[in-house]
Amino acid sequence: MAERSPYRAVDPRPDFPRLEDAVLQRWRERDVFRESLRRREGAPAWVFYEGPPTANGLPGTHHVLARVFKDVFPRYRTMRGYSVERKGGWDCHGLPVEIAVEEKLGIKSKEDIERYGIAEFNQRCRESVFEYLEEWNRLTERIGFWVDLDDAYRTLDATYVESVWWALREIWDRGLLYEGHKVVPYCPRCGTALSSHEVALGYRDVADPSVYVRFPTVDADAPLEPGDVLLVWTTTPWTLVSNAAVAVDPDLIYVRARRDGEVYVVAEALMERVLGEDAELLDRFAGRELEGVRYEPPFFFLGAAEYGERGHTVLLGDFVTAQDGTGLVHTAIAFGEDDFRLGEQYGLRVVNPVRPDGTYDERIGPYAGTSVKDADPDLIGDLRGRGRLLREEVYEHAYPHCWRCGTPLLYYAKPSWYIATSRVRDRLLAANEAVDWHPEHIRHGRFGKWLENNVDWALSRERYWGTPLPVWRCEADPAHVHCVGSLDELAQRSGTELEDPHRPFVDEVTFACDDCGATMRRVPEVIDVWFDSGAMPFAQHHAPFENDEHFRAHFPAQFICEALDQTRGWFYSLLAISTLLFDRAPYENVVCLGLILDAEGQKMSKSKGNAVAPWEVLDRFGADALRWYFFTSKQPWDGYRFSLETIGEGVRQFLLQLWNTYSFFVLYANVNRVDREGGQAGRAELDRWIVSRLHATAEVVDRGLAGYDATTAGREIAAFVDDVSNWYVRRSRRRFWDGDPDAFATLRHCLVTVSQLLAPFCPFLADEIYENLDGGEPSVHLCHFPEPGSRDAQLEHDMAVAREAVRLGLAARGQAKLKVRQPLREAVVVAAGPERAAIERLAEVVREELNVKSLRFVEAADELGRYEVKPNFRALGPRFGKSMPQVAAAVASLDPAHVAAALREERPVGITIDGRDHDLTGDDLQLAMKPLEGYQLEREGSHAVALELALDEELRREGLAREVVHAVQAARKAAGLAVEDRISLTLGGDGELLAAARAHEAYVTGETLATSLRYDGAKAGEPATIEGRELRITVEKA
RNA sequence: GGGCGAUUAGCUCAGUCGGUUAGAGCGCUUCUCUGAUAAGGAAGAGGUCCCUGGUUCGAGUCCAGGAUCGCCCA
């Protein structure tokens, strides 16, 4: 039978992106993802929820970050034996989609949209949402994110919308869905309210007028006196026309103070700043005593009665500060959130004299039709003319502007639908307690604080492209309201079967009022998109209408993962809906991802031009490189400083190192025609060591992935691969070129196991290695995750000590400027006890690595250096506490040689502190070597290595022979020979070099695979220089 | 303005329960090893562990205040 190579040859210069494409092709052919799911059918479920992105823009690097973390843990759990459903999802609704379409259509306002037609507009939105779907799918596959995109849920589907309606109806039935007023930021030019996200886009520093206005009291009594004037501060003079009340802090101290003959009321803390040093303090009292004081409003367009009983009186508010102003806050119910809440609290009516276009209405007489901001100067002039203005300044602050058109936003009270989440705040907090957050501080930090300050969820949006609010209202009596809970219910009530539940179709559906029989029409609002995505645990399955059991078996999720900014977004909407409906958290573990910054620490953004597109990285380094960077460069929640260079570093540091080890294995396995199944792993001592290290690694990786810590797990793999490459293979090379089956079995076992450990992290490279070295399954991703095996802790420890001794020996060589190639007679190792035992056990390894003929052990280092004795603070600190300085002094005065001798014999050492004797044992003291002058010695802790430097003729010749071998190897390589090629070797040149080669001829021919060696090549061949002598080398393939 | 987090070598990051001499990689300089390696090894240069104060026998680590950066909210 013809011999054949057991393994496919490996390119030592891999092109990872190309290789990954080939692996992808294999996955497709073998249907590996589906197969991995099929094999776990019926297994215990481990549930992952996909937070849906919107596909109306190109996916960026931050999406890749999220998607690879969404991939690594499900892959791990699948390999661990769980059934991990990975249903994809797409978020389809919302203002961002509408805005993108508006831009495309070149329209800017709601009027434009209605002119264009809601049906057509929403159709454009529907198309726009999936505009980049192909691009998303392509990237998702390319980065190895295994998620089911064919069966992805889409929030625009009628089934999805129906499940959302079901949830709203449940909330309605619990009495938690209600209509109220809300103060929203809106752009008067665009005629639209803005989401908080949009508001955040538009903060600009502006200079606004800052006015101090006199509000004379009316019929004042104690603690005030007739004629006292309230001093009120505002930066929005235009809202003064609808002043409804003045707010003070009940606990803050206020004063009556006289200035220029007038008595003002201001907060004590602000008196001097506002009234100046000359103001005369007349009286002090708490803010609460001012409650109910009546005053003359700054303008008379709207009378007190318009606001109700408490109009134009002093009220108590919890939002008043003594930071700026006067401590008395002008309150205009319609134009501020605090104002609005206060109004609700005191039963004041909302009066809003501003039209949707930002101009005053006819109630404001001469100002009707004027833009409110433009009216500021005239209003201030008016106040001044009537003696009501104390002072005018300029106030510079950040104020939100419309991010689209730059118009300053106004705050404006509008009717709006709410979910009464604040009534279940305690349940939200309790649900949050049950969640494992990564990082942990989110629970009681950012997210916990957010929940503690929970306010009712403002659910409705006066927009077009979204899940319609399923609330119908009676034309005859607005108090008759009904929330529809399913498409069926709507069909039964109205007789209309809706195919598309979106606007405008749903708006046309009417039915008879249960209470009075009049016509019920839907309210115009759609709902917040966050409610859509928060409903995904059941809505993705169309539960409870279909698949209800499946939903219940897959709720809650064990794992979700999104960026940190989702605390206010998806993390919250999921939790809120789940708590409202099921009184529990919908997820058990959350991994929060940080932001991606550029190499300079600047936020990446398209506008700055510093964004790195994912494809740039994928095409240059490949997906595994990008994944590896995200997993191992740092803990993901801390954010990333992203650059191509950093990723390249990871490639060289880890991927190439692993690849080279793999390539080395295949090269020599094929050269030696090694039997795949031959040999036994972990028999020789070095083999047992690397296998033990492998098991240690498997433990850490398993624990890390189980605990959502990919960083520690990944770094552990890298450390192991380094041990394999730079120690195991390095020390075992001879066995590999001699074809030792045990060595091959051991290395193969390590590499195959690494491929399995690595599979969740770098699914491409892992599969490539597995496929070639094992291939027992169609893919590594169908394997079971490695179980940690038994370890030899003693051997691991001993090897660490031996490697330390090697490090010391190499350092000593470096100091002496003696090449490792030059053999030395002897290394003197100073070590005792377990350390000596460790080095003795691994003496061969140490000896070979240091290239010395023998190791000699000495226990006392007296001949090589002095000992130093130091206290072990860690052990002694708790025992001696405040006496530690004395202990340290006592230890310092001990005779080190005496201590060393005592400890060798395991006798205690006595010290005296404050007249009391104490025994110190080995654990209490640290012995360190201190080198003496003139010795070539390297020390570390209590052991050291010294080298015998003297060379005799024999050693010298052997060194030269090694130099000759080295030169021949270089010539072999230059001649382009394969590692297994036999050669005819001809040497010539310097007599001493040739003599050295002759003296070690068997060694030279053995090392260089020479079948013949001649010494007559004086004139021929490539010249090489060894220690100033010329060597001529002729290498011919034999 | 409030909340949360971060700040350690030129760069990217570790640093365990508080333990006295703070580490790694990259980059730089000088050596060196190599019948896989673009790799590896040794030495060197490089540190106000953001600052100030406190707790402690002992603080990069714990506490308080501040600075800077980032995120979220207002």
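Protein chains get the first letters and strands the later ones, always in sequence-line order, with residue 1 at the start of each.
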For A/Glu849, the salt bridge (Lys or Arg N to Asp or Glu O under 4.0 Å) test, sequence neighbours excluded, returns A/Arg730, A/Arg731
note: A/Glu716, atom CD; B/U16, atom C1'; distance rounded to Å ~ 14 Å
Within residues 1004-1011 of chain A, the residues having a heavy atom closer than 4.0 Å to RNA chain B are A/Glu1007, A/Leu1009
Quick note, salt bridge (charged side-chain N to carboxylate O under 4.0 Å, His left out) partners involving residues 653-664 of chain A, not counting sequence neighbours, are none
Rounded to whole Å, CZ of A/Phe664 lies from P of B/A38 at a distance of 14 Å
**Request:** Rounded to whole angstrom, note down the P distance from B/U34 over to B/A14.
**Result:** 36 Å
Per-nucleotide protein contact along nucleotides 2-9 of chain B, 5' to 3', at a 4.0 Å heavy-atom cut-off (B base, S sugar-phosphate only, - neither), is -BBS----
Nearest-Å distance once atom C1' is located in both B/A39 and B/U21: 31 Å
Query - Distance, C1' atom - from B/U61 to B/C73, rounded to whole angstrom - result: 31 Å
_Ion pair A/Glu848/A/Arg733, N-O distance below 4.0 Å_ = no
Can any side-chain N or O of A/Lys634 pair as donor or acceptor with the backbone N or O of A/Gly639 at less than 3.5 Å? yes
Review point. Is the phosphate of B/G35, meaning OP1 or OP2, less than 4.0 Å from a side-chain N or O of A/Tyr668?
Key: no
Between A/Glu1007 and A/Arg734, does any side-chain N to carboxylate O distance fall below 4.0 Å? yes
In whole angstroms, the gap separating C1' of B/G70 from OH of A/Tyr640 amounts to 16 Å
The salt bridge (Lys or Arg N to Asp or Glu O under 4.0 Å) partners of A/Arg13 (sequence neighbours excluded) come to none
Rounding to 0.5 Å, atoms CD1 (A/Ile1033) and CD (A/Gln969) come to a distance of 10.0 Å
Assert: residue with more 5' nearest nucleotide on RNA chain B, out of A/Arg972 and A/Pro14, is A/Arg972
Check nucleotides 31-34 of chain B against the protein and report each pair of N or O atoms closer than 3.5 Å, with its distance, or say if there are none.
unit_1	atom_1	unit_2	atom_2	d
B/C33	OP2	A/Arg821	NH2	2.9
B/U34	OP2	A/Arg821	NE	2.8
B/U34	OP2	A/Arg821	NH2	3.0

Those residues at least two apart in sequence (or on a different chain) that pass salt bridge (Lys or Arg N to Asp or Glu O under 4.0 Å) with A/Asp723 are A/Arg693, A/Arg803
Problem set entry | Same-atom distance (P) from B/A24 to B/G47, integer angstrom | 15 Å
Between A/Asn660 and A/Ser663, does any side-chain donor sit less than 3.5 Å from a side-chain acceptor?
-> no
Salt bridge (charged side-chain N to carboxylate O under 4.0 Å, His left out) pairs touching residues 876-890 of chain A, sequence neighbours excluded, are A/Arg879-A/Asp924
Out of B/C71, B/A36, B/U12, minimum distance to the side chain of A/Leu595 belongs to B/C71
Taken to the nearest whole Å, CZ/A/Arg641 to C1'/B/G10 is 13 Å
Taking B/A38, B/G40, B/C57 as options, the one with an atom nearest any side-chain atom of A/Met884 is B/C57
For residues 437-448 of chain A, the salt bridge (charged side-chain N to carboxylate O under 4.0 Å, His left out) pairs (sequence neighbours left out) are A/Asp436-A/Arg443
Residues passing the salt bridge (Lys or Arg N to Asp or Glu O under 4.0 Å) test with A/Lys449, sequence neighbours excluded, are none
Against the side chain of A/Arg13, the closest entry in B/G40, B/A38, B/U12 is B/A38
A/Phe571 atom CZ is separated from B/C72 atom P, nearest whole Å, by 13 Å
| task | Measure the shortest side-chain to side-chain distance between A/Leu747 and A/Thr661 over non-hydrogen atoms and say whether it is less than 4.5 angstrom. | result | yes
Paired with A/Tyr662, the side chain to side chain contact (heavy atoms under 4.5 Å, CB included) test is passed by just one of A/Phe664, A/Trp659, A/Phe665, namely A/Trp659
CZ (A/Arg982) and CG (A/Leu977) are apart, to the nearest 0.5 Å, by 12.0 Å
The correct list of stems in which RNA chain B takes part (3 or more consecutive Watson-Crick or G-U pairs, distances under 3.5 Å) is B:1-7 with B:67-73, B:10-13 with B:23-26, B:28-32 with B:40-44, B:50-54 with B:62-66
| said: For the C1' atoms, the ones on B/G44 and on B/C49, what distance do you get once it is rounded to whole angstrom? | reply: 23 Å
request  = Give me the ring orientation class for A/Phe571 and A/Phe447: parallel if the planes are under 30° apart, tilted from 30 to 60°, perpendicular past 60°.
outcome  = perpendicular
From CZ of A/Arg703 across to C1' of B/U16 the rounded distance in Å is 13 Å
If we take the P atom in both B/C63 and B/C4, what is their distance in whole Å?
-> 13 Å
Listing time: all N or O pairs from protein to nucleotides 23-27 of chain B that are below 3.5 Å?
unit_1	atom_1	unit_2	atom_2	d
B/G25	O2'	A/Gln653	OE1	3.1
B/C26	O2'	A/Glu649	OE1	3.4

Rounded to whole Å, the CD1-P distance (A/Ile596 to B/C71) equals 14 Å
In whole angstroms, the gap separating P of B/A36 from CD1 of A/Ile769 amounts to 18 Å
d(A/Asp740 CG, A/Asn672 CG) to nearest 0.5 Å is 10.0 Å
- prompt: Which value, in whole Å, describes the distance between the C1' atoms of nucleotides B/C26 and B/A6?
  reply: 23 Å
| task | Considering only atom C1', compute the distance from B/C57 to B/A42 and round it to an integer number of Å. | result | 39 Å
